[in-house]
Number of protein chains: 2
Amino acid sequence: MIMNRKCILRLSRYKNALKRLKALGFVKVFSGNLADAAGVTSSQVRKDFSLFGITGNRRGGYKVDELINRIREILGKNEIQKVVIVGVGNIGNALLHYKGFEAGGIHIVAGFDIDPAKYQRHAEVPILPLDEFQSFVQENDIKVGILAVPDVAAHHVSEIMIAAGIKGILNFAPIQLRGAEDVIISNINLEVELENLIYFINAAGKTGVLSPVEDE
Amino acid sequence: MIMNRKCILRLSRYKNALKRLKALGFVKVFSGNLADAAGVTSSQVRKDFSLFGITGNRRGGYKVDELINRIREILGKNEIQKVVIVGVGNIGNALLHYKGFEAGGIHIVAGFDIDPAKYQRHAEVPILPLDEFQSFVQENDIKVGILAVPDVAAHHVSEIMIAAGIKGILNFAPIQLRGAEDVIISNINLEVELENLIYFINAAGKTGVLSPVEDE
DNA sequence: CAAATATTGTGAAATAAATATCAATATAAG
DNA sequence: CTTATATTGATATTTATTTCACAATATTTG
Ligand SMILES: NC(=O)c1ccc[n+]([C@@H]2O[C@H](COP(=O)([O-])OP(=O)(O)OC[C@H]3O[C@@H](n4cnc5c(N)ncnc54)[C@H](O)[C@@H]3O)[C@@H](O)[C@H]2O)c1
Ligand SMILES: NC(=O)c1ccc[n+]([C@@H]2O[C@H](COP(=O)([O-])OP(=O)(O)OC[C@H]3O[C@@H](n4cnc5c(N)ncnc54)[C@H](O)[C@@H]3O)[C@@H](O)[C@H]2O)c1
């Protein structure tokens with residue numbers, strides 16, 4: 001079953017939306033409700049579900065709890081959830097101390113840096129020397145890492161991460177990292193995002209063109 | 001000229017790649033070089049350029065400096081570059097103190113919060129009470145804002161921002177914000193990104209499917 | 001200077017993604 | 001119990017995006 005990235009991203013969003021709907025007291029939802037909450041069309045919701053074999057009840061919609069569980073299962077949340085961070089500076093630190101991932105079952109288990117001033121071996125989430133990266137990752141069977149080092153170090157660090165067995169990297173450095181064969185890399189480039197906003201604001205001002213509201 | 005978001009995002013990436021190539025001493029590039037650096041195909045590069053009327057020299061490629069300038073011009077970097085941040089917590093603070101945007105001509109000019117403990121009226125980048133948001137934004141003609149408040153406050157704050165005249169929002173709260181007619185919103189959802197990585201790692205482990213390496 | 005070659009620029013073709021349509025059917029109403 | 005109605009699920013259609021293919025044309029080579 002070949003599934004594209006965009007579709008999986010939407011699944012995650014559906015799950016988030018469902019959690020909010022559940023908090024509002026919803027027990028069942030229709031594709032239209034979910035579409036509104038997630039900012040897509042109802043056709044899109046049903047199409048995505050059909051791709052994954054998620055079925056509802058004709059005329060009865062979907063049961064919220066069942067749906068959340070089904071999506072959880074598909075997203076594999078029970079199999080890998082430990083994540084490490086390399087580069088505990090501004091952004092690495094913010095992520096390291098963010099509590100919001102826990103609710104979704106994602107645990108930040110350690111940070112790594114080369115600056116001895118950052119080391120905190122006995123903190124709740126320890127910050128360790130990069131030298132210990134490989135052994136830590138292998139002992140703890142970590143597969144996902146966040147890369148938050150300066151751009152000049154990013155390529156080098158990514159190679160260390162991949163060599164240690166990391167299979168997925170969320171990269172904040174403003175360079176386009178190339179993954180190895182079986183490594184998936186997600187590049188978050190905030191400057192590019194800001195430039196993009198600026199472009200569309202200018203374009204709208206000049207030409208009256210309506211802005212696209214979706215992400216991708 | 002109707003241009004889609006994806007294409008503009010790629011333009012930004014080309015510009016980043018070009019800056020790196022320039023730093024490496026490149027004076028001219030071929031579409032293939034740029035494609036490699038930006039992680040796309042050479043056809044894609046040429047197609048994008050043709051869409052914007054960017055021309056090179058048959059057999060001679062493109063001059064790096066000219067190309068950077070041309071893209072800068074298209075992205076409108078000289079028209080809007082002041083950005084404010086609402087919510088100066090973990091992530092807002094990291095962004096507020098990030099120096100990397102300056103090189104690209106994007107200036108973070110102020111932060112806003114509702115927690116008096118955060119106020120720093122006389123700092124280089126002042127942190128001000130949210131009450132002053134509207135007047136500040138209007139006086140300084142700000143069009144772009146970063147939203148980094150807790151999810152429960154995000155919708156409310158986005159309305160304040162839009163009411164004050166903000167036209168582009170980079171949202172870090174894990175909810176799908178809906179923009180008004182002429183407001184463009186870019187949602188950065190890091191948990192969704194991590195879940196996505198986890199999904200593809202699991203999928204690859206189970207089925208041997210090759211992972212997609214591009215973002216979108 | 002002529003011939004060979006590499007690269008652009010673009011229209012056509014292929015692929016992928018989103019949306020619309022509608023028969024099937026579960027639920028609700030009478 | 002029967003009929004009316006709303007919603008799913010699957011297929012068809014449309015739209016968007018990417019890739020291909022190749023003529024046009026600078027540049028380099030002999
Ligand atoms: N902070 C932001 O808001 C922001 C915004 C956009 C992009 N980024 C990008 O994110 C990355 C991190 O930004 P930051 O502001 O947190 O930087 P920072 O300088 O605050 O932190 C970088 C950290 O990485 C560590 N480091 C350096 N080289 C290392 C190596 N080889 N191995 C391990 N650790 C190493 C440093 O000791 C430091 O602690 C940069 O690439 C930056 O361009 C940051
Ligand atoms: N920190 C991270 O690594 C991270 C990761 C992913 C997502 N996020 C999201 O980013 C947002 C910010 O996260 P954070 O960790 O920085 O949170 P935080 O709690 O550290 O900071 C939030 C800040 O917003 C301020 N605030 C609250 N209500 C406000 C209001 N109505 N108006 C103005 N300011 C207000 C608070 O005083 C605080 O300073 C959250 O929505 C969070 O889910 C954060």
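Below, read A as the first sequence line, B as the second, and so on, with proteins coming before strands; counting in each chain starts at 1.
B:Lys6 has its NZ atom 18 Å from the P atom of D:dT15, to the nearest Å. Whole-Å rounding puts the B:Lys63 NZ to C:dT7 P distance at 17 Å. Taking atom CZ on A:Phe49 and atom P on D:dA10, their separation rounds to 13 Å, with Å as the unit. A:Leu51 has its CG atom 12 Å from the C1' atom of C:dA18, to the nearest Å. Atom CG of A:Leu67 is separated from atom P of D:dT8 by 11 Å (rounded to the nearest Å). Look at CG on B:Leu9: it is 11 Å from P on D:dT18, rounded to the nearest Å. Atom CD1 in B:Ile54 sits about 20 Å away from atom P in C:dT7, given to the nearest Å.
Summary of the strand contacts: A:Gln44 and A:Asn57 both lie near DNA chain C, and taking for each the nucleotide with the nearest heavy atom, the more 5' one is attributed to A:Gln44. Annotation: of the two residues near DNA chain D, B:Asp48 and A:Gly61, the 5′-most nearest-nucleotide partner is A:Gly61.
For A:Arg59, the side-chain atoms get nearest to C:dA26 when compared with the rest of C:dA26, C:dA17, D:dT27. If you check D:dT8, D:dT19, C:dG9 against the side chain of B:Lys47, the one that comes closest is D:dT19. Side-chain proximity of A:Phe30 to D:dT7, C:dT19, D:dT18: nearest is D:dT7. Taking every side-chain heavy atom of A:Arg58 into account, C:dT25 is the closest of C:dT25, C:dG9, D:dT19. Here D:dG9 is the nucleotide among D:dG9, C:dT10, D:dT25 with the atom lying nearest to any side-chain atom of A:Arg46.
Using a 4.0 Å heavy-atom criterion, one finds that A:Ser42 contacts no nucleic acid atom at all. B:Tyr62 comes within contact range of the sugar-phosphate backbone alone, with a heavy-atom separation under 4.0 Å but no base atom that close.
Side-chain contact between B:Ile166 and B:Val183: absent, with no pair of heavy atoms (C-beta onward) separated by less than 4.5 Å.
Distance CE/B:Met161 to CD1/B:Ile142: 10.5 Å, rounded to 0.5 Å.
Side-chain atoms of B:Asp113 come within 3.5 Å of backbone atoms of B:Val88 as a donor-acceptor pair (strictly under, hydrogens ignored). A donor-acceptor pair is defined here as one N or O able to donate and one able to accept, closer than 3.5 Å; no such pair exists between the side chain of B:Asn69 and the backbone of B:Glu66.
In the interface, the side chain of A:Ser43 is paired with the base of C:dA20 through a donor and an acceptor atom under 3.5 Å apart.
The pair A:Arg5-B:Glu193 meets the salt-bridge criterion, since a charged nitrogen lies less than 4.0 angstrom from a carboxylate oxygen.
Proximity of A:Thr41 to the phosphate of C:dA18: no side-chain N or O atom is located under 4.0 Å from OP1 or OP2.
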